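The sequence lines fix the lettering, A, B, ..., with proteins before strands; numbering per chain opens at 1. None of these values were measured; they are calculated from a predicted model.
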Amino acid sequence: MSIITEGRSGQKVLLMGNEAIARGAIEGGVKVCAAYPGNPSSEIIGTLAKIGPELDIYVEWSANEKVALEVAAAASFAGIRGLAAMKQNGLNVASDFLFNLNLTGSIGGLVVVVCDDPGAISSTNEEDTRAYAKIGDLPLLEPSTVQEAKSMIPFAFELSEELGLPCLVRSVTRISHARGSVELDDPVPLSRRPHFNTGRPLVNVPALAFHRKLRAKLHRCRDIFETSEFNEYLGPEQPEALIVASGTPGAYAQETLNLLKAEDRVGIIKLGTTWPLPESFLVRQLRRADVILVAEDVDTFLETNLKALCAQKGRELGIKRFLGRGSGTLPDVGEITPDCLTTAVAEILKISYEARPPEYARTAQEAVSRYAPTRQVGFCAGCPHRAAYWCVKTALALDGRDGFLVGDIGCYSLGFGPSGFEQMKTLHSMGSGAGIAGGMGQLARFGFDQPVMTVCGDSTFYHAALPALFNAIYNQANFLMLILDNSATAMTGFQPHPGTGQNAMGRQAPVVDIEAVCRTLGARIEVADPYDLQGTIEAVNRLLVDEKGVKVLILRQLCALVRANRGEKLYQVRVDQERCLGDGCGCNRLCTRVFRCPGLIWDKEKGRAGIDDAICTGCGVCGEICPQSAILTEEI
Amino acid sequence: MLQNKDPINVIITGVGGQGNLFASQILGQMLLQKGYLITIGETLGLSQRGGSVMSHVRASKRETLPPLIPEGLCDLVLALEPIEGLRILGSYGHPDVLTITNTRPIMPMDVLAGQAEYPELEVVLEKMNELSRRVWTVDATDLALKMGDPILANVIMLGALGGLKILPYDVRTFETAIREFFPDDRLTTNLEAFNQGRTSVKAI
């Protein structure tokens with residue numbers, strides 16, 4: 001039991017944005033929820049998974065986002081309510097289905113929550129998914145607070161059923177990963193038995209007829225949005241300028257005006273329904289001033305659409321001066337912060353504003369650059385990926401043919417940086433490593449002579465690497481695939497996946513065995529333990545010289561965080577400081593300078609290596625790399 | 001000191017794995033009990049993998065504030081790691097800010113690798129002092145290690161802040177908040193950690 005399941009109407013509670021979305025789903029009468037984990041969206045389904053059984057809601061971690069959307073849509077097709085959640089990259093994966101689903105339409109309420117990551121805080125891109133709403137003629141809601149993130153979900157379910165269309169709700173990191181006071185409502189009482197109406201097939205042929213119907217639905221949606229409570233105007237009747245904002249900038253705008261004491265000079269049009277635009281509402285509000293600052297994350301979605309609207313309504317609205325990310329008034333990339341918004345508004349109003357004395361700012365920034373070395377992210381202490389990349393580096397050097405490794409998304413992405421010895425040479429999307437390796441593996445016919453390796457994690461294997469693997473085997477590409485099987489979706493918070501033997505709701509599930517799958521596909525398979533450096537290096541070298549077809553090396557070792565959380569340690573590790581020769585060794589501090597496990601420290605006073613017992617997780621790998629054998633490992 | 005200020009803006013900072021986010025949640029819960037509307041903005045990134053973490057905790061009795069504190073408005077920096085505290089002062093500090101810092105450094109990877117220097121603690125404290133109205137220190141990690149678990153440093157830091165009576169909460173508020181997260185058997189340890197912080201915070 002938790003506040004998310006038990007809370008009653010009127011109660012005010014502190015919820016994380018993603019928990020608020022989960023609560024909104026419960027209030028909206030959801031019955032089926034599905035997702036593939038991806039930050040900043042993971043906690044939506046994570047929260048629902050914990051309480052699903054108690055509330056009789058079905059929750060699953062799907063193999064990827066397209067499947068997740070299909071699972072949620074199936075509930076809708078059977079007349080009950082479904083929700084799929086994903087991060088921005090996930091909507092790309094789901095989009096092929098989405099852009100046919102829009103044509104057939106949905107039946108039971110269907111909500112797609114997509115959490116974008118302006119500033120790419122935990123992502124490899126900062127894609128703005130709002131464009132999908134426009135491409136797909138789908139309604140789009142953008143919460144600007146944690147409260148709205150909750151309140152918009154039940155509304156989205158109602159809207160979806162009213163229109164017969166899936167509804168997109170776009171959150172961002174600053175909402176999904178924020179916590180805020182939220183006032184709860186009661187769940188809608190719905191008791192529907194799912195049933196698929198066989199007399200009404202969902203087949204969008206002929207497509208044009210369905211496209212026409214879709215357009216009509218979008219017009220109806222516009223009418224509904226005209227009076228939506230999620231759009232409002234705040235400010236004086238006749239302001240000097242207007243801020244049009246959606247998402248978190250909509251929440252920052254008021255504080256910005258307070259800071260600048262400009263509340264009676266500037267009005268705010270806060271938009272929560274951003275596609276289709278509520279045109280009549282906007283025309284009424286835009287009449288108030290001719291200078292318009294558009295504040296939004298990340299692209300100029302709103303700005304561009306508003307400009308089009310103003311061109312269309314030129315006779316009524318006259319000529320407007322648009323400022324925003326497009327004009328350079330706000331930064332071109334990254335998230336909108338209260339600070340950049342304040343600077344922009346101050347500039348427009350010609351107000352001189354200093355957040356702090358310039359002299360102080362200079363001193364403070366100097367202190368940071370001089371005394372606060374940056375904190376690079378890297379693999380955790382004892383991470384098996386570090387050991388795996390050490391073996392890749394060593395094996396490729398021994399092989400001597402300028403071989404390389406391509407990769408994709410997961411903890412192991414950090415292999416591009418120093419903690420993976422800079423071994424990962426391409427990094428794009430889920431499963432892209434296997435596809436690229438397959439392509440490289442065809443180039444020998446044109447004189448390409450470098451050995452190619454790819455790497456993927458266990459969860460990524462199921463998500464998107466499998467089709468690339470089929471493809472490579474079918475087309476007889478030549479490469480070596482490393483599957484780093486650490487039995488966890490570690491990057492996003494240890495969600496179970498098809499290989500873990502557990503489902504989202506904590507029940508036992510059949511294990512889809514990666515090794516058996518690869519064997520059935522016909523790849524040459526070996527399995528090794530990355531902590532056994534010598535054995536793994538030999539396996540890599542052995543498989544690299546086999547130039548026929550696809551080879552798979554499964555490197556199996558439990559995620560070090562999982563092991564540490566279980567309180568397990570394989571070895572007690574210590575440095576024999578008599579045997580360590582320090583700077584006199586000639587290894588040039590191989591352990592701390594190159595191997596870089598956070599558990600290894602340099603004892604400055606003694607000029608010797610050491611172990612930080614509070615951090616070391618006892619994997620014992622560093623014992624294998626010391627040329628003096630000065631790092632001692634005792635089995636526990 | 002900030003008991004009657006509205007809004008209250010606190011930044012809690014540290015390194016991934018120090019329980020930074022938990023500390024911000026507890027602080028939020030405590031202020032919620034006192035009738036504030038709370039917003040917490042968390043910058044996690046790849047925090048679990050050794051990155052810097054910061055949480056903006058904002059409390060107001062009048063309105064729900066957005067998740068980021070504007071420059072110049074932070075009242076207090078609670079640093080679970082010294083140079084992370086300094087880093088926050090670099091972007092959010094101003095002459096009136098208050099700083100409370102743990103004294104135990106966590107070395108960045110580049111420092112371990114010999115490619116960067118971690119300054120002497122005295123230097124960090126001196127800089128903090130130059131950039132803050134007042135600075136207090138707590139040997140939070142050392143105390144936590146004595147108690148048997150370094151993760152308790154975050155609760156010790158909250159205890160230190162409680163002991164200074166800067167914010168409107170005390171040990172009873174803390175007890176009510178912590179009960180939401182832990183079963184009874186973890187309560188005693190957490191209360192002890194809170195009290196350790198309360199009694200061992202030092203002004204510099």
Side-chain angles (χ1 to χ4, degrees), chain A residues 12-14 16 39-40 121-122 144-147 173-175 177-181 248 251-252 254-256 259 337-339 342 354-357 360 363-365 367-380 411 414 418-419 490-491 561 589 592-594 596 598 600-602 614, chain B residues 15-17 24-25 28-29 32 36-52 63-73 83-84 86-87 89-91 93-95 106-119 123-124 127-128 130-131 141 145 150 180:
Chain A
K12 276 203 179 124
V13 294
L14 186 60
M16 183 190 210
N39 287 336
I121 296 168
S122 53
S144 65
T145 63
V146 176
Q147 175 70 56
T173 304
R174 287 284 169 224
I175 293 170
H177 280 177
R179 285 173 196 275
S181 301
T248 35
Y252 299 144
Q254 191 62 53
E255 195 171 19
T256 286
L259 273 179
T337 62
D339 307 314
T342 304
E354 276 170 7
R356 49 188 189 167
Y360 178 99
T363 316
Q365 280 149 11
V368 171
S369 58
R370 184 144 173 225
Y371 298 113
T374 50
R375 220 171 264 283
Q376 270 181 342
V377 292
F379 294 126
C380 307
C411 280
L414 296 177
S419 94
M491 194 75 177
L561 285 177
R589 302 189 196 178
T592 53
R593 186 180 57 88
V594 182
R596 285 180 171 233
L600 285 162
I601 48 173
W602 188 252
Chain B
V15 179
S24 67
Q25 250 179 292
Q29 284 290 349
L32 191 73
Y36 287 90
L37 295 163
I38 308 297
T39 307
I40 306 173
E42 291 165 353
T43 303
L44 306 139
L46 302 171
S47 55
Q48 207 158 38
R49 278 125 212 109
S52 306
E63 58 186 325
T64 304
L65 292 160
L68 285 178
I69 301 172
E71 264 178 41
L73 262 59
I83 61 164
E84 292 314 310
L86 189 61
R87 203 186 309 283
L89 290 175
S91 30
H94 56 86
I106 294 177
M107 297 297 163
M109 196 60 73
D110 281 352
V111 173
L112 291 175
Q115 287 158 353
E117 281 282 321
Y118 194 104
V123 177
V124 181
K127 281 289 149 192
M128 280 181 165
E130 197 181 323
L131 295 169
T141 304
L145 282 169
E180 302 237 343

- With sequence neighbours excluded, what pairs up with B:Glu71 under the salt bridge (Lys or Arg N to Asp or Glu O under 4.0 Å) test? none
- Who are the salt bridge (Lys or Arg N to Asp or Glu O under 4.0 Å) partners of B:Glu130, not counting sequence neighbours? B:Lys127
With only heavy atoms counted, which part of [X] is less than 4.5 Å from chain A, the side chain, the backbone, both or neither?
X: B:Leu131; answer: both
X: B:Gln115; answer: side chain
X: B:Ile106; answer: both

Are the side chains of [Y] and [X] in contact, using a 4.5 Å heavy-atom criterion?
X: A:Leu259; Y: B:Pro70; answer: yes
X: A:Lys12; Y: B:Leu32; answer: no
X: A:Ile121; Y: B:Thr43; answer: yes
X: B:Ile38; Y: A:Arg179; answer: no

Taking all non-hydrogen atoms of both residues into account, name the closest pair between [X] and [Y] and its distance.
X: A:Ala364; Y: B:Leu89; result: CB-O, 3.8 Å
X: A:Ala372; Y: B:Arg87; result: O-NH1, 3.2 Å
X: B:Ala113; Y: A:Arg596; result: CB-NH2, 3.4 Å

Of the backbone (N, CA, C, O) and the side chain (C-beta and beyond), which part of [X] lies under 4.5 Å from a heavy atom of chain B, both, or neither?
X: A:Pro357; answer: side chain
X: A:Leu600; answer: backbone
X: A:Thr145; answer: neither

- Query: Do you know which of B:Val123, B:Asp110, B:Ile40 has the most heavy-atom pairs under 4.5 Å to chain A?
  - Reply: B:Ile40
- Task: For each of B:Gly28, B:Pro150, B:Gly114, B:Gly93, tally heavy-atom pairs with chain A at distances under 4.5 Å, and name the one with the top tally.
- Result: B:Gly93
- Query: Hey, does the side chain of A:Arg174 reach the backbone of B:Pro67 with a donor-acceptor pair shorter than 3.5 angstrom?
  - Reply: no
- Query: A:Tyr360 side chain to B:His94 main-chain N or O, any donor-acceptor pair under 3.5 Å?
  - Reply: yes
- d(B:Met109 CE, A:Arg593 CZ) to nearest 0.5 Å is 14.5 Å
